[in-house]
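Input: a single structure, listed below in structure tokens.
Keep in mind that the numbers below use all heavy atoms, side chains included, and drop hydrogens, waters and symmetry copies.
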Amino acid sequence: MKILVAIKPVPNPDEKVKIRPDGSGIVLDNIKMVINPFCEIAVEEALRIKEKQGGEVVILTVGPKEGEQQVRTALAMGADRAIQVEAEKGLDSLAVAKFLAKVVEQEKPDLVILGKQAVDDDNNQVGQILAALLSWPQATFASKIEFLDGNKKAHVGRETDGGIETIEVPLPCVVTTDLRLNEPRYASLPGIMKAKKKELKVIPSASLGVDAAPKVKVLSLASPKERAGGRKVADVAELVAKLKNEAKVL
Amino acid sequence: MDFTLPEELLIFRETVRKFVEKELEPISEQVEEEDRIPGHIVEKMKELGLFGLAIPQDSGGYGMSVLGQCVAMEELSRTNACFRTRIGTNNGIGSMGIVIAGTQEQKRKYLPKLASGEMIGAFALTEPNAGSDASAIRTTAVRKGDTYLLNGTKHFITNGDIADVSTVMALTDRSKGARGISAFLVDKGLPGFSVGKLEKKMGFRGSTTCELIFDDCEVPAANLLGREGEGFRIAMQVLDKGRLTMGACALGALEKLLELSMEYAKTRVTFGEPIINRQAIQWMLVNMAIDAYAVRNAVYHAAWKLDRGERVTKEAAMVKVLATEAAGRAADSAVQIHGGMGYMKGMAVERFYRDLRLLRIYEGTSEILRMIVAREMTR
């Protein structure tokens, strides 16, 4: 099976991010970038499918040149080759999905796997928009993927609030991954050595003829309010009084 | 000047850091209690390639630059010291003799298996009466036909009890002093070769140090490393790089101690205020940060020089003294900042305090290294 995995570099979720004084974005100096954790799960799943039934895993990313390190990391995990659509920072979901769709049309994979969302903007849109642009079926929030009838269709377990919903989709299709699908492997030293020799094709975004003009504009960012400490009350009567008069929730 | 690490080192640093945080740090206290590393963790270390960092690619390893080895050791040293000690001998004193002076046959036999972690290597120079004064060793090797007969006792041998092959220094000609020392590759289980007492130590739990006893042990002549009398020269070459990576180990520990102390100082409240607001605490933290900055630059710079093929005998000695002494000071401050908690078992700073004490002693004491620097300065 030929699998295309789209990944996005994001600021390391373990580090504290600060908002720029003008509220236009976050401070990226000295912030380490990593593969978005959901995308890492997508890479792992693709590698497991390939290990089971053979095929090819192609990594795809859209963004500035600096993202190369995260692409190489995915190659070091075991992907076969990579494509980077070199584009400016901060594209909106629609623009990214349009670029992905162009490459999918060229590469003709049987399956596209993406993380369900990137932990930077938490938009949760690219997979869905991509499926719509391609007119492909989509299975989002996957926690289990099984292939049937010689890869003609897949059963995908989806995490919903109430439990697991299993749906059937014909291939080719778009799958987005949830947290519990798998535990991603490390980029081992042998993997890193091999990755150095793997192909990384760079496509200038201008060559794809996509209208990437933003449809969404971020107006401002603000930190959540700092939590004030709790207060102790003497009895129920005081609690009710405070809820009524101070918090005004009763 | 470009201070950016090559991309593959950035990726590898990320891998090791994740591995340390997700798999090693959570069990570091368990290892401290049980005094052993669980087998499945060693298997994962093998899969990641950690045993073969320093062994050349044509011998089955990954031939990482010294800079790369320093990055790996720095990251691995942010947790219990036993983990990096397990891979330390295969990447250093337990294999480098073979890399430097081994015959094709010896390289083929040992290096691929040392690189994969299938074999463990050890290095046996120190004896009860010969540590820093390496030329005072008493273990002898007498040629007898196709074999050498080894007699003597080595001690403080890291990984000695689990080693499949030990590089053993023995006198082939007592009259020649240091030039009468030869190096031998001794396989586990050879008749006359046994593991003596396992030492009880102040720290480094989870890692073993033991005696190796040679009692009329017949070692095939094919296992002589280099030529007769070259043992001391081989040993000194092996130790040069080791001092640099030891500096990287001290650096990793120092950085971790600073982080732990910052975290604690922010949350520990006395007299209504977090102690980080107090200048007395701030200055301890600042001094740790200054040390970390200096040590980091010194370690990386010396590694870069060695990778360019320059001689770094002086720098390596200076780096080890600088780094290990700074880490010792940091451990002392970290315990002080943690107060009574810092003295309790189960606290990482308590463990670092004990473990780091060794770094100023082994692979060259601070005193011997200062002698080396003095000699280099006046030559």
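Contacts with chain B were tallied for A:G191, A:A76, A:A187; A:A187 has the most, counting heavy-atom pairs under 4.5 Å.
The side chain to side chain contact (heavy atoms under 4.5 Å, CB included) check on A:A74 picks up A:I7, A:I35, A:V43, A:I59, with sequence neighbours excluded. Take B:A323 and apply the side chain to side chain contact (heavy atoms under 4.5 Å, CB included) test, not counting sequence neighbours, and it matches B:A250, B:V295.
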Between these two chains, chain A and chain B, I want each donor-acceptor atom pair under 3.5 angstrom written on its own line with its distance.
from	atom 1	to	atom 2	distance (Å)
A:K32	NZ	B:E14	OE1	3.1
A:E40	OE2	B:K18	NZ	2.5
A:E183	OE2	B:K22	NZ	3.0
A:Y186	OH	B:E23	OE2	2.6
A:A187	O	B:T15	OG1	2.7
A:L189	N	B:L48	O	2.9
A:K196	NZ	B:E8	OE2	3.0

Apply the test side chain to side chain contact (heavy atoms under 4.5 Å, CB included) to residues B:L53 and A:L189: give CA-CA distance (whole Å), side-chain angles for both, the deciding distance (0.1 Å), then the verdict.
-> CA-CA 8 Å; B:L53 308 175; A:L189 190 51; 3.4 Å; yes
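Heavy atoms only, all atoms of each residue included: B:G49 and A:P190 are closest at CA-CD, 4.0 Å.
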Show me, pair by pair, the donor-acceptor contacts under 3.5 angstrom made by side chains of residues 228-235 of chain A, not counting sequence neighbours?
from	atom 1	to	atom 2	distance (Å)
A:R231	NH1	A:E246	OE1	3.2
A:R231	NH2	A:E246	OE1	3.1
A:D235	OD1	A:A237	N	3.4
A:D235	OD1	A:E238	N	2.9

